[in-house]
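Worksheet: one structure, shown below.
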Amino acid sequence: MRRDIFLEEHEAFRDLVREFLAREVTPFHAQWEKDKVVPRSVWLKAGQAGLLGIDVDEKYGGGGNQDYRYYAIMNEETGRAGATGLGFFVHNDMVGQYLLRLCTPEQKERWFPGYCSGDLITAVAMTEPGAGSDLQGIRTSAVRDPLTGDYVLNGQKTFITNGQLADLVIVVARTDPSAGHRGISLLAVERGTPGFERGRNLDKIGMHAQDTSELFFTDVRVPSSNLLGEEGGGFVALMQNLPRERVTIGVYALAVAEKAYEDTLAYAKSRQAFGQPIGSFQHSKFVLAEMATELAVARAFTDRAIVAHTREELTTQEASMVKWWNTELCNRVTDRCLQLHGGYGYMREYAVGRAWADSRIQSIFGGTTEIQKEIIARGLGL
Ligand SMILES: Cc1cc2nc3c(=O)[nH]c(=O)nc-3n(C[C@H](O)[C@H](O)[C@H](O)COP(=O)(O)OP(=O)(O)OC[C@H]3O[C@@H](n4cnc5c(N)ncnc54)[C@H](O)[C@@H]3O)c2cc1C
């Protein structure tokens with residue numbers, strides 16, 4: 001079915017993103033996978049191409065455009081290109097949303113120009129070794145020094161996307177241990193602040209070009225001018241952005257699944273076994289027919305969600321539905337596509353093998369499938 005949620009200007013933007021990925025990313029991605037990180041230069045090029053801070057005010061170098069569909073297109077194309085090294089999603093769809101909502105005018109002046117140009121790479125650090133799904137279990141603490149007003153930050157984070165490259169990390173910390181979720185705040189910690197150290201660039205089973213790190217904070221003095229929003233308002237701010245993060249992961253996952261399916265359909269028509277294309281075996285036909293149907297159904301639902309989010313109408317529960325459904329569908333589709341590729345599917349040289357390994361994380365980060373179902377059930381009054 002023809003997609004009808006995009007206008008001419010969106011399609012022109014899609015062409016721009018595709019062209020950027022083909023020129024600046026795809027030819028180098030295999031090397032970046034070996035390096036386990038992308039170069040800062042690709043961030044700067046993305047900034048120049050207008051791919052960072054699309055929704056930030058033009059006076060800071062942003063695009064001044066609040067239409068979510070542009071970011072949806074960017075994530076679709078990044079997913080289709082298998083450009084998993086680019087942590088733009090965290091920068092644009094996560095950190096950027098906190099900055100837009102919470103920054104004071106002074107903080108905007110300080111951070112937005114670099115954020116839009118790609119000079120200031122960002123990350124968000126929620127997860128700790130002992131607290132992932134259960135965010136309220138975090139132990140990283142920020143205690144206010146009554147003399148200077150600074151926060152003294154202590155703790156450890158793990159699995160942080162852009163962790164090696166980030167110049168500005170939004171750290172989720174407990175500022176009042178007795179206040180439950182109202183005792184959680186967001187602090188922006190800048191590169192080079194004494195006591196802030198990066199640990200290992202973690203060795204993952206996929207997404208090899210994406211830097212994912214441990215971060216350590218030992219008596220880090222964070223000036224009160226780096227508090228984002230109100231003290232104690234961190235948990236609510238995180239919850240407010242969850243629909244955005246989750247619909248975005250769902251949008252990305254569906255694009256990955258569609259691309260794997262398209263590649264596999266072409267492969268099934270050309271690869272021969274027993275004197276005929278492997279796609280002509282009844283089992284292969286049924287698997288491909290099932291995937292075509294499941295993807296078409298997901299596409300209809302996801303496009304409605306994109307429109308609803310563009311109108312700021314998408315609920316937390318609906319965003320969770322998009323995330324769990326599409327990421328689990330992506331797991332199933334990439335697995336079946338790999339199987340149809342036989343041994344070639346297991347080679348990283350083949351896009352389908354990379355998609356299988358790279359996308360497995362999507363049903364885990366941004367809240368696991370089980371947590372999405374909890375949220376949906378809560379919306380049902382359960
Ligand atoms: C590559 C990668 C990138 C990441 N990027 C970031 C990042 O940039 N910033 C960041 O802060 N974090 C990041 N994360 C962390 C990610 O969000 C967490 O791994 C995820 O939220 C799950 O937390 P956990 O790993 O502690 O698992 P756990 O919370 O320990 O969960 C383990 C299992 O228990 C299940 N479970 C837990 N609670 C429940 C429940 N109530 N009901 C049913 N089942 C439950 C889970 O669904 C899961 O299956 C990243 C992780 C990876 C691997």
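One-based numbering, in listed order, for ligands and for the atoms of each. Just the heavy atoms: all of them, side chains too, but no hydrogens, waters or symmetry mates, feed the values below. Owing to the predicted nature of the structure, the values given are computational and were not obtained by experimental measurement.
Of all atoms in ligand 1, numbered sequentially from 1 with element shown, those under 4.0 Å from a heavy atom of Met126 are 10 (C), 11 (O). Under a 4.0 Å criterion applied to the non-hydrogen atoms of Glu370, ligand 1 contributes the atoms 43 (C), 44 (N), 46 (C), 47 (O), 49 (O). Every atom of ligand 1 is numbered from 1 in the order shown, and the set under 4.0 Å from a heavy atom of Ile361 is 1 (C), 52 (C), 53 (C). Numbered from 1 in the order shown, with element, the atoms of ligand 1 that lie under 4.0 Å from a heavy atom of Val124 read 7 (C), 8 (O), 9 (N), 10 (C), 11 (O).
From the protein, the heavy atom lying nearest to atom 24 (P) of ligand 1 is Gly132 CA, 3.9 Å. Phe365 CD2, 3.8 Å is the protein heavy atom nearest to atom 2 (C) of ligand 1. Among all protein heavy atoms, the one lying closest to atom 20 (C) of ligand 1 is Ile364 O, 3.6 Å. When hydrogens are left out, the protein atom nearest atom 6 (C) of ligand 1 is Phe159 O, 2.8 Å; that is the closest non-hydrogen contact. Scanning all protein heavy atoms for the shortest distance to atom 3 (C) of ligand 1 gives Thr161 OG1, 3.3 Å. Looking only at heavy atoms of the protein, atom 41 (N) of ligand 1 is closest to Ile371 CD1, 4.0 Å. Counting protein heavy atoms only, atom 10 (C) of ligand 1 is closest to Thr127 OG1, 3.3 Å.
Side chains of Gln164 and Ser213: a donor-acceptor N/O pair is present below 3.5 angstrom, by distance only. Checked by atom type, the side-chain pair Lys285/Ser280 shows no donor-acceptor distance below 3.5 Å. Side-chain contact of Tyr344 with Glu349: a donor-acceptor pair under 3.5 Å is absent, judged by distance alone. With hydrogens and angles left out, the side-chain atoms of Gln210 and Thr212 include no donor and acceptor closer than 3.5 Å. Gln97 and Asp55 share a donor-acceptor pair across their side chains, judged by distance under 3.5 Å alone. Side chain to side chain, Glu33 and His29 meet the donor-acceptor criterion of an N or O pair below 3.5 Å.
Under a 4.0 Å N-O distance rule, the pair Glu77/Lys259 does not qualify as a salt bridge. Salt bridge absent: Lys36 and Asp211 never bring a charged side-chain N and a carboxylate O closer than 4.0 Å.
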### Query
Yes or no on salt bridge (Lys or Arg N to Asp or Glu O under 4.0 Å) for Glu19 and Arg23, after CA distance, side-chain angles and deciding distance?
CA-CA 6 Å; Glu19 196 266 330; Arg23 183 169 33 91; 2.8 Å; yes
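Relative ring orientation between Phe235 and His181 is described as tilted, the plane-to-plane angle lying within the 30° to 60° band.
Taking a 4.0 Å cut-off on heavy atoms, Gly366 registers as neighbouring ligand 1. Taking a 4.0 Å cut-off on heavy atoms, Val90 fails to register as neighbouring ligand 1.
Backbone and side-chain nitrogen or oxygen atoms of Thr368 are examined, and one is located within less than 3.5 angstrom of a nitrogen or oxygen of ligand 1. Of the polar atoms of Lys204, none of the N or O atoms is found under 3.5 Å from an N or O of ligand 1, judged by distance alone. Residue-to-ligand polar distances place Ser133 within reach of ligand 1: an N/O pair is separated by less than 3.5 Å. Of the N or O atoms in Met207, none lie within a sub-3.5 Å distance of an N or O in ligand 1.
The presence of a protein heavy atom under 4.0 Å from atom 32 (C) of ligand 1 is ruled out. In this structure, atom 35 (C) of ligand 1 has no protein heavy-atom contact shorter than 4.0 Å. Protein heavy atoms are found inside the 4.0 Å sphere centred on atom 28 (P) of ligand 1. By the definition of a contact as any protein heavy atom under 4.0 Å away, atom 13 (C) of ligand 1 is in contact.
Between Trp43 and Phe88, the gap from one ring centroid to the other is short of 6.0 Å. A ring-centre distance under 6.0 Å is not found for Tyr71 and Tyr68. Between His208 and Trp32, a ring centre-to-centre spacing not shorter than 6.0 Å is recorded.
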